[in-house]
Amino acid sequence: MLPSDLDALVVVVLNAAQTEAVLFGEKGIAPGLPAGAVVIACATVAPEFARTMEARCAGLGLHYLDAPISGGATKAANGELSIMASGKGEAFAAARPVLDACAQTVFELGDQAGPGSAMKAVNQLLAGVHIATMAEALTFGMTQGVEPAKFVEVISKCAGTSWMLENRAPHIVEGDYTPRSQINIWPKDLGIVLDVAKSAGFSAPITAAALQQYMVAVGMGLGGDDDAAIAKVYARNAGLSLPGEDK
Ligand SMILES: NC(=O)C1=CN([C@@H]2O[C@H](COP(=O)(O)OP(=O)(O)OC[C@H]3O[C@@H](n4cnc5c(N)ncnc54)[C@H](O)[C@@H]3O)[C@@H](O)[C@H]2O)C=CC1
Ligand SMILES: O=C(O)C(=O)[C@@H](O)CO
């Protein structure tokens, strides 16, 4: 049972289907929200879906903020997320106290739903490719006698580094695949990127290659593991043992 004076609802579920279920499913929350409340939708979804949700919420007198997030579990816990937001001025105004509590940086990317999710797709292209590339480089290094811990120590201070390398490669070094961000997120997110690219007539071959590696990881039963486990795809193919694995 929701309080009747709710001002804002933050929805952070896995995907579009779950977002729709939370808002408009059998036990959907949206019809019970008071008019003027704001729905802050944070799952990574396609821009078109965000536009549809905005229209359906408007039909109930609700504001809708397209507000995908970036920064991972640690930044979320510390209230330091980056939020790529778009929506009407009233939606931003109603959401402001929540945004200020959750985020270090709120980007205002447009006055309707869609541009927030479009920017998030751009981020996911890079983030998904960077995780896969980190795993490729780390395991390539192992074939040359570069230990994973030394890889992190050196490359994190060199031009080949990335935020994802610095955030995820330590999980491989520690052999800790507790999911902070699951492998399962990537077929969804790179699928969104490729769908958007296709509708724009844009070829994204590097994204497509990374997606294949995540699909292999899912096929290996690693979907629920931390996305750093994509390194296991490379390790298996090369006959390498990652930290924490038996020889
Ligand atoms: N994990 C990460 O580092 C990041 C995730 N994201 C995105 O944020 C979203 C959430 O990601 P995660 O937390 O990792 O996903 P998750 O799958 O770990 O968590 C989703 C949660 O939603 C709950 N849920 C699903 N349907 C529900 C319903 N009808 N009612 C109530 N709860 C329901 C699930 O039980 C689960 O606890 C995704 O869209 C993801 O792509 C964005 C940035 C970073
Ligand atoms: O932080 C982000 O941005 C992400 O999307 C990743 O952490 C993947 O979930």
Side-chain angles (χ1 to χ4, degrees), residues 1-2 6 9-33 39-47 49-50 53 65-85 98-99 102-107 109 113 116-135 162-172 176-196 207 210-211 213-214 217-218 222-231:
M1 187 75 175
L2 288 173
L6 211 58
L9 175 75
V10 183
V11 185
V12 197
V13 289
L14 183 62
N15 55 22
Q18 291 185 1
T19 301
E20 185 164 17
V22 165
L23 292 175
F24 297 106
E26 204 179 325
K27 296 182 182 166
I29 294 170
L33 291 174
V39 172
I40 304 170
C42 297
T44 305
V45 299
F49 175 81
M53 288 297 105
L65 199 68
D66 179 22
I69 53 182
S70 185
T74 308
K75 288 199 174 186
N78 294 338
E80 294 174 351
L81 288 167
S82 294
I83 302 189
M84 291 159 262
V98 178
L99 299 178
C102 301
Q104 188 169 61
T105 313
V106 179
F107 295 98
L109 299 169
S117 287
M119 186 65 82
K120 178 63 176 171
V122 173
N123 183 71
Q124 295 319 91
L125 186 162
L126 287 165
V129 167
H130 285 177
I131 294 169
T133 310
M134 171 279 292
S162 65
W163 190 91
M164 281 301 183
L165 185 152
E166 292 170 34
N167 190 263
R168 302 306 210 266
H171 302 173
I172 301 169
D176 179 4
Y177 299 97
T178 310
R180 275 73 72 168
S181 166
Q182 295 182 23
I183 287 275
N184 278 332
I185 283 179
W186 292 106
K188 167 182 76 86
D189 287 9
L190 296 185
I192 289 170
V193 172
L194 292 179
D195 285 348
V196 171
T207 305
L211 174 59
Q213 293 298 81
Y214 291 108
V218 171
L222 302 172
D225 284 6
D226 192 79
D227 51 28
I230 194 173

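Every number for a ligand or one of its atoms is a count from 1 in the order of the listing. Here the structure is a predicted model, which means the values were calculated and not measured.
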**Fill in**
Among Ser70, Pro179, Gly128, the residue with a heavy atom nearest to atom 3 (O) of ligand 2 is Ser70
**Asked** Does an N or O anywhere in Lys120 fall below 3.5 Å from an N or O of ligand 2?
**Response** yes
**Item:** Trp163-ligand 2 polar pair, N/O distance under 3.5 Å
**Value:** no
**Request:** Could you tell me whether Trp186 and ligand 2 have an N or O pair separated by under 3.5 Å?
**Result:** no
**Message:** Tell me whether ligand 2 is touched by Ala127 - counting only heavy atoms on the residue side and a distance under 4.0 Å.
**Reply:** no
**Message:** With the threshold set at under 4.0 angstrom, would you say Gln182 reaches ligand 2 through any of its heavy atoms?
**Reply:** no
**Message:** When you measure from the heavy atoms of Met84 to every atom of ligand 2, does any distance fall below 4.0 Å?
**Reply:** no
**Complete:** Asp189 meets the salt bridge (Lys or Arg N to Asp or Glu O under 4.0 Å) criterion, sequence neighbours left out, with none
Output, or 'none' if empty, a list of ligand 1-protein atom pairs in which both atoms are N or O and the distance is under 3.5 Å, rounded to 0.1 Å.
residue, atom, partner, partner atom, Å
ligand 1, 1 (N), Arg180, O, 2.9
ligand 1, 39 (O), Val13, O, 3.3
ligand 1, 39 (O), Leu14, O, 2.7
ligand 1, 39 (O), Thr44, N, 2.9
ligand 1, 39 (O), Lys188, NZ, 3.3
ligand 1, 41 (O), Thr44, OG1, 3.3
ligand 1, 41 (O), Lys188, NZ, 2.9

**Message:** Please check if the number of heavy atoms outside Met119 that lie under 6.0 Å from its CE is greater than 12.
**Reply:** no
**Listed partners of Asp195 passing salt bridge (Lys or Arg N to Asp or Glu O under 4.0 Å), at least two apart** = none
Atom pairs and distances, side-chain donor-acceptor, residues 16-25, under 3.5 Å, sequence neighbours left out:
residue, atom, partner, partner atom, Å
Gln18, OE1, Leu14, N, 2.8
Thr19, OG1, Asn15, O, 2.8
Glu20, OE2, Arg56, NH1, 2.6

**Prompt:** Does Met164 have a non-hydrogen atom less than 4.0 Å from ligand 2?
**Reply:** yes
